[in-house]
Every structure is written in structure tokens, then in C-alpha cells.
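To keep things clear, I will list the structure first and then write my remarks on it.
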2 protein chains.
Amino acid sequence: MERAGAPQAGPRGRISPQALCRAIREDVIRGVHRPGSRLTEESMAARYGVSRVPVREALRALEAEGFVRSRPYAGIVVVELDDAEAEDLLEVRALLEPLGAGRAALRRTPEQLGRLKELVSLGRAAIEDGRLDELARLNSRFHEVIAAASGSRTLSRLVTQLSQKIAWVYSVDLPRRAQDSWREHEEIVAAVEQGDPEAARAVVARHIAAARSAYRRRAPGPADDRS
Amino acid sequence: MERAGAPQAGPRGRISPQALCRAIREDVIRGVHRPGSRLTEESMAARYGVSRVPVREALRALEAEGFVRSRPYAGIVVVELDDAEAEDLLEVRALLEPLGAGRAALRRTPEQLGRLKELVSLGRAAIEDGRLDELARLNSRFHEVIAAASGSRTLSRLVTQLSQKIAWVYSVDLPRRAQDSWREHEEIVAAVEQGDPEAARAVVARHIAAARSAYRRRAPGPADDRS
DNA sequence: CTGACGACGATTGTATTCAATCGAGGTGGG
DNA sequence: CCCACCTCGATTGAATACAATCGTCGTCAG
């Protein structure tokens, strides 16, 4: 087992429950916990420096989000996403995100707009430095903030789930497209700033479509890289 | 069959964790636990005849699904859905379900088709007997099976979440529309059986649109019945 | 040699117990 | 009389301990 999301809690100062859940999800997305691998409660507890109880709670939440699957007395395993499911994720995303962007153009707060601009600049910097995993996280954040700016909690929740799963599937992927992707992000922010829902919808739709075709073009096997 | 959500576990034979989660969710949907009310772990444990630990795990899952909200040391409360959120649920549903129905027309298995027909007949029977809460559950199940028949786990998961939330908002609602609704369900099944994705999409789109307009027409206050 | 049966180890599920934190009510001072 | 502070009860968060269940290996009959 490699060590990446290892005992960051250190000696003292326990990790909060929410932080624990995020940490495990991050590690699943980053591939620390491989698809199909079994997550025994005790090893997880040892890894994150807590007891089994908070681990169980975090894993229940992750199960509800669809990252792991558990069956009674059979343990918890990381789900394996196949090509078809990756396609489905993008298809649903192509439906939901334009809706969210259109509403965001009408309802966004100045704070949210500022946050978007901040994310864009962080994204550009990450491209410069070649920090690809950071880029994936920023990308997720960007789309989550757009969804949150739509003012629809439903949309926000669903897009957030999708966004994280998509980051998982794409994982270490498409560094070439990063340039175009973040240029499109700037266009999205512009449309949202102008308050033009039609433009926002259209730009986001183009953005998602480009991501889909890029994924399809180089789709050999998404998450089946079992070594 | 079970009553309100009381200690159905009885003397011996504990309830399984999944069953516990479903039971709590059912009770939230049925209004046993009112929106805004606080769910203390101990009272929940006593009510369902288990200890605090499984209760906590179930509530974590329900939190991920968006039925309850918890903040550290502040306890867990049932979320309150307002008019705007009810609208959002229906709007997102109007996007997702036609997609699912179109794919279901192409990919459904005979077993799933049979299950749909069974649900339709159960729905008719429930209308006859006037069992409205049963009807709400059957309605959710119907849409969940359609989504499952689409072959997309992503779609299935999201539609299931939406369906349950919608059942919650509608709760004891629209008995007049039940007739039309289940007639439309029959049309949906027919389109799915014929394997006509275009027709399935169109019928489902009409079905959702009708539900939306019906809800709007009689929407005074959905879940704000705080006593 | 092969198949099924049974006991062991490992892991999950649950309960009990203890520590940490938040809110409410009372008390003293201004 | 009002406000700030503080103590205390209640509740959540976590850890340990125990019970229930499953997978696996060894054994034995056929």
C-alpha cells in the first residue's frame, strides 16, 4: 500500500468528522484507494488516526454518494466505474450544468463572482506550474461554485456529486485540454458576470460537449488500470 | 404495513442497518419527523430500538442524501424545503427523467418491464382503496424502476434521490391528479414496452410537466407547516 | 483424489462508557 | 433594572469492549 493520504492528523489534534470524510473521498479520487479494493475499517482507522466509529460514519456518507459500496458483513469496497458509466456521467452533466449556469447568470452574488474569478486565476497558475492534480480539484470547485450560484440547492448538490465523480474518472487526464478548458472557464465567468443566461447556457454547453468529445477521443479504459 | 415508524423491531430481531436508514427516511417523508425538528440521537435510538451508533450512521447517509442537516455538536435537524426548492426539484426532474425513459425504452429487461406493469396495477388498486400514502411510495418506485431500466447507474441514483424528495414535498397531496398520473404511467410503460425512445421521452416529459403545473396551481405552502 | 462438513480466524455490527462541547439558567456587578 | 460571566445540565463525538457473521482452511468420508 502506498502512503499518500496517510496520518496527516499526526500526534495530537484529531481530525473533524467532515474533514475525515473529505480526506477519504479525496484519497479515493486521487487513486490512493484503488477501485475494487476493499477498505477494512481497522486499516482505515489506523491510516487516518481515528477509531473505527468515525470511519464507519464517513464511509456511510461516501456510500450514499456512490463512491463505495457496502454489503452487510461483506465489507466495503471502492466501486469500479466503467466506460459506460463515465459516459453517463458526462451525459447527465451536459443536461444539468447549462441549467445551472443560466440561473447563475441571473442570481449570482458578487462574492460568488469573485470566487469564480479567483478560481480562474488559480487555475491559470496551476497550469503554469503543471500541478495537474491541483488543477483537477480546481476544476471541480469551479463547476461546484457555478452550481451553487444558481441558487438551487438541488442543482448544487447534484452537480457537486457529479463533478467529484467526473474528477475521479478523469483523474490524471487531459493535460493538453487544460488550456482550452480554462479559457472556456473565463468565457463562462464573463457570461455570468454580464448576467446573460442564454450566453452562459450556451458556453457551458459547449464546454461540456468539448470535454465529452475530448474524453471519447482518448478513451481507452478509464478506471480499469488495475495493476 | 408498519405503523408510523414506531418500535417495529419488537422484542428480539434487530433491524438491519439498511432497513434502519430506510425506516428513518420513510418517517421523514411521511412527516413523522417534521421539517425543522431536531433529531436527538438518543430519542431516535429509543424509537427504533437500537443503539446510538447505527442511528448516527443512518443519519450520516441521510445527510448525504439531503434529508437532514448536521453541524458539529449542534445536532441533526430535518431540513426545511421551501417553495423555491420544490420548484427546483421538479425542474431538474423534468430534465433527467425523459432521458432515463428514452434509454429505458431501448435497454429495459423483461423483468423490469414486468415490474413496471406490476407497479401500475398496484397503483390502480391503491387508487381504488384510497391508500394515498401507499400511492406516493408506489409513484416513487415507478420512477425509480424506469430510471434503473435506463441502464445508467448515475441516472438511477440521481432520479431515486429526486423521486424520494419529491414524494416528501408532495406528501399528502394531489389525490385528484392520481387518476391522470397513473393513466400516464400506463402510457409510459406502453412506450417502454414498444421500445420507442422518442415516445417514451415525450410521454414522460408531458407527465412531469403535468405534475409541475398541478403542483403550481395548488401551491400555497409546501413544507412550511411548522406548528 | 474429490467433495462436503466443521471449526477457526478475521471482520463487521452493536452496545456501553468516557471525554469534549454547546446552550440555558442563575448570580453578581454595574 | 440590565448585562456580562459562569456554572451546570444535556447532547454530541469518540474510544473501548463485546457479540454476531462470513470466508477459509483443514479434515474426513466416499
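Model, not experiment: these values are computed from the prediction. Letters A, B, ... are given to chains in the order of the sequence lines, protein chains preceding strands, and every chain is numbered from 1.
Without hydrogens or angle criteria, B/Thr160 side chain to B/Ser156 main chain gives a donor-acceptor distance under 3.5 Å. The backbone N or O of A/Val192 lies less than 3.5 Å from a partner atom in the side chain of A/Arg108, making a donor-acceptor pair.
Here C/dA10 presents its C1' atom at 9 Å from CD of A/Glu42, a figure rounded to the nearest Å. Spacing between atom CD of B/Glu57 and atom C1' of D/dG13 amounts to 14 Å, rounded to whole angstrom units. Rounded to an integer number of Å, the gap from A/Met44 CE to C/dT12 P is 11 Å. For the pair A/Arg56 CZ and D/dG13 P, the interatomic distance rounds to 16 Å; values are reported in whole Å. Look at CD on B/Glu41: it is 14 Å from C1' on C/dA15, rounded to the nearest Å. Atom CG of A/Leu59 and atom P of C/dT12 are 10 Å apart (whole Å). Atom OH of A/Tyr48 and atom P of D/dA15 are 16 Å apart (whole Å). Going from atom CD1 of B/Ile15 over to atom P of C/dG13 covers 15 Å, rounded to whole Å.
By the side-chain contact (heavy atoms from CB on, under 4.5 Å) test, B/Ala84 is found to be paired with B/Asp82, residues two or more places apart in sequence or in another chain being considered.
The 5' end of DNA chain D is approached more closely, in terms of each residue's nearest nucleotide, by B/Gly75 than by the other of B/Gly75 and A/Pro54.
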Nucleotides 16-24 of chain C: protein proximity per nucleotide (B base, S sugar-phosphate only, - neither; heavy atom, under 4.0 Å): B---BSS--
Run the numbers on A/Ser70 and A/Glu63 for side chain to side chain donor-acceptor pair (under 3.5 Å), then give the verdict. CA-CA 7 Å; A/Ser70 86; A/Glu63 183 184 13; 3.1 Å; yes
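For A/Pro17, whose side chain is taken as the heavy atoms from C-beta onward, the closest listed nucleotide among C/dT14, D/dG13, C/dA15 is D/dG13.
Residue pairs meeting the salt bridge (charged side-chain N to carboxylate O under 4.0 Å, His left out) criterion with at least one partner in residues 67-79 of chain A, sequence neighbours excluded, are absent.
In this pair, B/His143 and B/His185 present their aromatic rings perpendicular. The plane angle is above 60°, beyond the 30 to 60° band.
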